[in-house]
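Presented below is the structure to which this report refers.
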Amino acid sequence: MRAVVLLLLSALGTTTAHADERVLQFLEDRYTHALMHHTGAPSEEPPDALGRADCTDVRVLSRSQTNKARQLGRIFERSGIHIDVIAASRWCEALHTAQLLQLRPVTEESLLNLLGDDPEDQIDAILSLVDGQRATETALLVTHGPNIQALTGVESVPGEVVVFRLRPGADIEIRGSFRPE
């Protein structure tokens, strides 16, 4: 598994709109992407054996969690950063968060589900998914806190976005994180 390199940034952990936009500006750099911790509470029910959750009859996100997801979408939109790919875990809370951003169509990606029986292989597969993006493409991956921690070492909270760079053959480099107020 790749080592994690943490960079200390003045914007890390801050919540002002100015700091949010400063961290998001790193997404203009080549090989730079974002991991987002979904805005909801953890689900009781995992996806079925096919990796697909039935989110139709479930109110997954509370009103405040829904508002937080929409606010994150507005922050991304206001920043002017173009997101080329949005992929989300198939768990309802992550899928709904990604859809509420309203930035572009969302791809369901079972690799982003909670880490399973073989977490190292799953982490390597997630890193390969990101490696598969062109240098100029920006991916936003909506997933779960334990996945973000395993990938980056960052203990995220619901709604937090971790911006990172992953150059071919290099380790993950954390550029900063933010969460809406």
Side-chain angles (χ1 to χ4, degrees), residues 1-39 68-89 93-94 97-98 100-104 106-107 109 111-115 119-120 122-181:
M1 188 175 356
R2 299 174 189 198
V4 178
V5 178
L6 299 177
L7 295 179
L8 297 176
L9 299 172
S10 60
L12 188 63
T14 60
T15 59
T16 65
H18 180 61
D20 292 347
E21 292 171 13
R22 219 170 47 203
V23 170
L24 283 177
Q25 294 311 308
F26 287 118
L27 290 172
E28 292 181 339
D29 297 343
R30 295 166 55 91
Y31 304 110
T32 306
H33 309 281
L35 286 162
M36 178 186 288
H37 187 148
H38 62 77
T39 60
K68 185 184 286 187
R70 288 184 176 140
Q71 181 183 6
L72 282 161
R74 288 190 298 273
I75 289 169
F76 272 97
E77 190 175 289
R78 204 174 48 239
S79 75
I81 301 296
H82 177 74
I83 302 295
D84 297 287
V85 174
I86 297 179
S89 162
E93 65 273 22
T97 296
L100 286 166
L101 296 172
Q102 298 180 353
L103 296 172
R104 67 177 314 105
V106 176
T107 301
E109 181 55 68
L111 288 173
L112 298 173
N113 292 352
L114 277 171
L115 294 176
E120 286 192 29
Q122 190 173 344
I123 289 167
D124 287 342
I126 293 169
L127 293 173
S128 292
L129 175 72
V130 174
D131 270 342
Q133 302 300 309
R134 291 192 305 254
T136 57
E137 288 181 328
T138 301
L140 172 61
L141 308 177
V142 182
T143 189
H144 309 273
N147 295 18
I148 293 170
Q149 185 170 7
L151 284 159
T152 67
V154 174
E155 286 188 49
S156 60
V157 297
E160 187 166 4
V161 178
V162 177
V163 176
F164 68 99
R165 180 185 297 172
L166 181 62
R167 290 176 288 187
D171 295 333
I172 287 180
E173 196 179 295
I174 305 303
R175 305 306 309 269
S177 71
F178 71 90
R179 57 183 171 248
E181 295 181 23

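Sequential numbering from 1 along the given sequence is applied to the chain's residues.
- A donor-acceptor pair is defined here as one N or O able to donate and one able to accept, closer than 3.5 Å; such a pair exists between the side chain of Asn147 and the backbone of Asn113.
- Two residues are said to be in side-chain contact when any heavy atoms from C-beta on lie closer than 4.5 Å; Thr143 and His37 fail this criterion.
- Formation of a donor-acceptor pair under 3.5 Å by the Thr32 side chain with backbone atoms of Arg30 is found in this model.
- Annotation: the span from Ile123 atom CD1 to Ile172 atom CD1 amounts to 9.0 Å, rounded to 0.5 Å.
- Across every non-hydrogen atom of Gln122 and Leu111, the tightest pair is NE2-O, 2.8 Å.
- A heavy-atom distance below 4.5 Å is found between the side chains of Ile75 and Arg78.
- A 4.5 Å side-chain heavy-atom check between Val106 and Leu101 finds every atom pair outside the cut-off.
- Between Asp171 atom CG and Phe164 atom CZ the span is 13.0 Å, to the nearest 0.5 Å.
- Of all non-hydrogen atoms in Arg104 and Asp84, the two that sit nearest each other are NE-O, 2.9 Å.
- Note: His38 NE2 to Ser156 OG = 8.5 Å, rounded to the nearest 0.5 Å.
- Atoms CD and NE2, from Glu137 and His82 in turn, are 8.5 Å apart once rounded to the nearest 0.5 Å.
- Pairing each heavy atom of Ala98 with each of Ala88, the nearest pair is CB-CB, 3.7 Å.
- When all heavy atoms are compared, the tightest approach of Gly176 to Val23 is C-CG1, 3.8 Å.
- Residue Leu114 comes nearest to His144 through the heavy atom pair CD2-CB, 3.5 Å, listed as atom of the first residue, atom of the second, then distance.
- Of the inter-residue distances, the one linking Glu160 atom CD with Glu155 atom CD reads 10.0 Å to the nearest 0.5 angstrom.
- The line from CG of Leu72 to CE of Met36 is 4.5 Å long, rounded to the nearest 0.5 Å.
- For the side-chain hydrogen bond (donor to acceptor under 3.5 Å, both in side chains) test, no residue two or more places apart in sequence or in another chain qualifies with His33.
- In plain terms, the two heavy atoms of Ile86 and Ile83 that are nearest each other are CG1-CG2, 3.7 Å.
- The side-chain heavy atoms of Val161 and Phe178, taken from C-beta on, include a pair separated by under 4.5 Å.
- Side-chain contact between Arg167 and Glu173: present, with at least one pair of heavy atoms (C-beta onward) separated by less than 4.5 Å.
- In this structure the side chain of Glu93 never reaches within 4.5 angstrom of the side chain of Thr39, judged on heavy atoms.
- A 4.5 Å side-chain heavy-atom check between Leu112 and Val142 finds every atom pair outside the cut-off.
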